[in-house]
Asks: 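Below you'll find the structure I mean.
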Amino acid sequence: MKIQAFMLRNFIFKVINILLCLALIFAGASAVSADVYVKAFLEGANFSGRSLQGYQFNESDLRNASFVNADAQGVSFFAANMKEANLTGANLSYSTLDNARLDKANLTNAVIEGSFAYGTSFNNVIIEGADFTDVDLRTPIRQKLCKLAKGQNPTTGRLTRDTLECD
């Protein structure tokens, strides 16, 4: 039953993304100078301090990539391999992280507010000061992150434990 709910949730999310893209196209939205990296090999790439709004890194290899203090609001990292990526101080608000692998990633002081991360892997991550407000996470992942949660986000002022809704 859980697998069916997960598949339905993913399907709905994909349909919404497609409809939003089509709405922008038909509304005559102006071109945005954003890069699209699909299945790209970007291991060790440095995106630190950059504005990445509108970018897509779907299914890309971003192992050991650096996003320190990057503005990655609304960026799609769907199914990206971000193992050991450095996301210290990055703003990932309202991003798509679903099915991404953030194993051993550094999320110190990152803002992940409102992001979709339901199928994301968070093994051995550093989350001190990270803000997970309204992030869609599976219950076992939330519980695992609560065991690591500490600190306060310097940007939002929120405690990591509170944003994860830990007991």
Asks: Find out if a path of hydrophobic residues (ILVMFWY) with successive side-chain heavy-atom gaps under 4.5 Å connects L102 to I126.
Replies: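 Different clusters: L102 never reaches I126 through Ile, Leu, Val, Met, Phe, Trp or Tyr contacts under 4.5 Å.
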Asks: Do L107 and L92 come within less than 4.5 Å of each other through their side chains, counting heavy atoms only?
Replies: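 SC-SC contact between L107 and L92 confirmed.
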Asks: Measuring from Y37:OH to L52:CG, what's the distance to the nearest 0.5 Å?
Replies: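 Y37 OH to L52 CG: 8.5 Å, rounded to 0.5 Å.
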Asks: Do we see a donor-acceptor contact under 3.5 Å between the side chains of K144 and N123?
Replies: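 The answer is yes; a qualifying pair exists.
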Asks: Rounded to the nearest 0.5 Å, what separation is found between the OG1 atom of T108 and the CG atom of N86?
Replies: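 It is 7.5 Å, given to the nearest 0.5 Å.
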Asks: Would you confirm whether N153, through its side chain, and A110, through its main-chain N or O, come within 3.5 Å as a donor-acceptor pair?
Replies: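 Yes; judged by distance alone, with no hydrogens or angles, the pair exists.
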Asks: Tell me which one of D98, L97, I141 satisfies side chain to side chain contact (heavy atoms under 4.5 Å, CB included) with Y118.
Replies: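 Considering D98, L97, I141, a side chain to side chain contact (heavy atoms under 4.5 Å, CB included) with Y118 is found only for D98.
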Asks: Looking only at side chains, do Q53 and D71 share a donor and an acceptor under 3.5 Å apart?
Replies: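 Distance-only check passes for Q53 and D71.
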Asks: Is it the case that the side chain of S115 and the backbone of V135 share a donor-acceptor pair, with hydrogens and angles ignored and the cut-off at 3.5 Å?
Replies: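 The answer is no, because no donor-acceptor pair under 3.5 Å joins these two groups.
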Asks: Could you walk me through whether D103 and K83 satisfy the salt bridge (Lys or Arg N to Asp or Glu O under 4.0 Å) test, starting with their C-alpha distance in whole Å, then the side-chain angles of each, then the deciding distance to 0.1 Å, before giving a yes or no?
Replies: CA-CA 5 Å; D103 301 335; K83 184 177 180 183; over 6 Å; no
Asks: When you group the ILVMFWY residues by side-chain heavy-atom contacts below 4.5 Å and let the links chain together, are M82 and L137 in the same group?
Replies: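 Linked, L137 and M82 end up in one cluster.
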Asks: Hey, any chance I127 and F67 share a hydrophobic cluster, counting ILVMFWY side chains that come within less than 4.5 Å of each other, even indirectly?
Replies: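 Both belong to a single hydrophobic cluster.
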Asks: Taking it one step at a time, do S66 and S48 satisfy side-chain hydrogen bond (donor to acceptor under 3.5 Å, both in side chains)?
Replies: CA-CA 6 Å; S66 180; S48 296; 2.6 Å; yes
Asks: D61: which residues meet the side chain to side chain donor-acceptor pair (under 3.5 Å) condition with it, sequence neighbours left out?
Replies: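 In terms of side chain to side chain donor-acceptor pair (under 3.5 Å), with neighbours along the sequence ignored, D61 is linked to R63.
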Asks: Would a line drawn from the ring center of F77 to the ring center of Y55 be shorter than 6.0 Å?
Replies: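 No - the distance between ring centres of F77 and Y55 does not fall below the 6.0 Å cut-off.
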Asks: Under a 3.5 Å distance rule, please check whether T96 uses its side chain to pair with a backbone N or O of S76 as donor and acceptor.
Replies: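 Answer holds: no.
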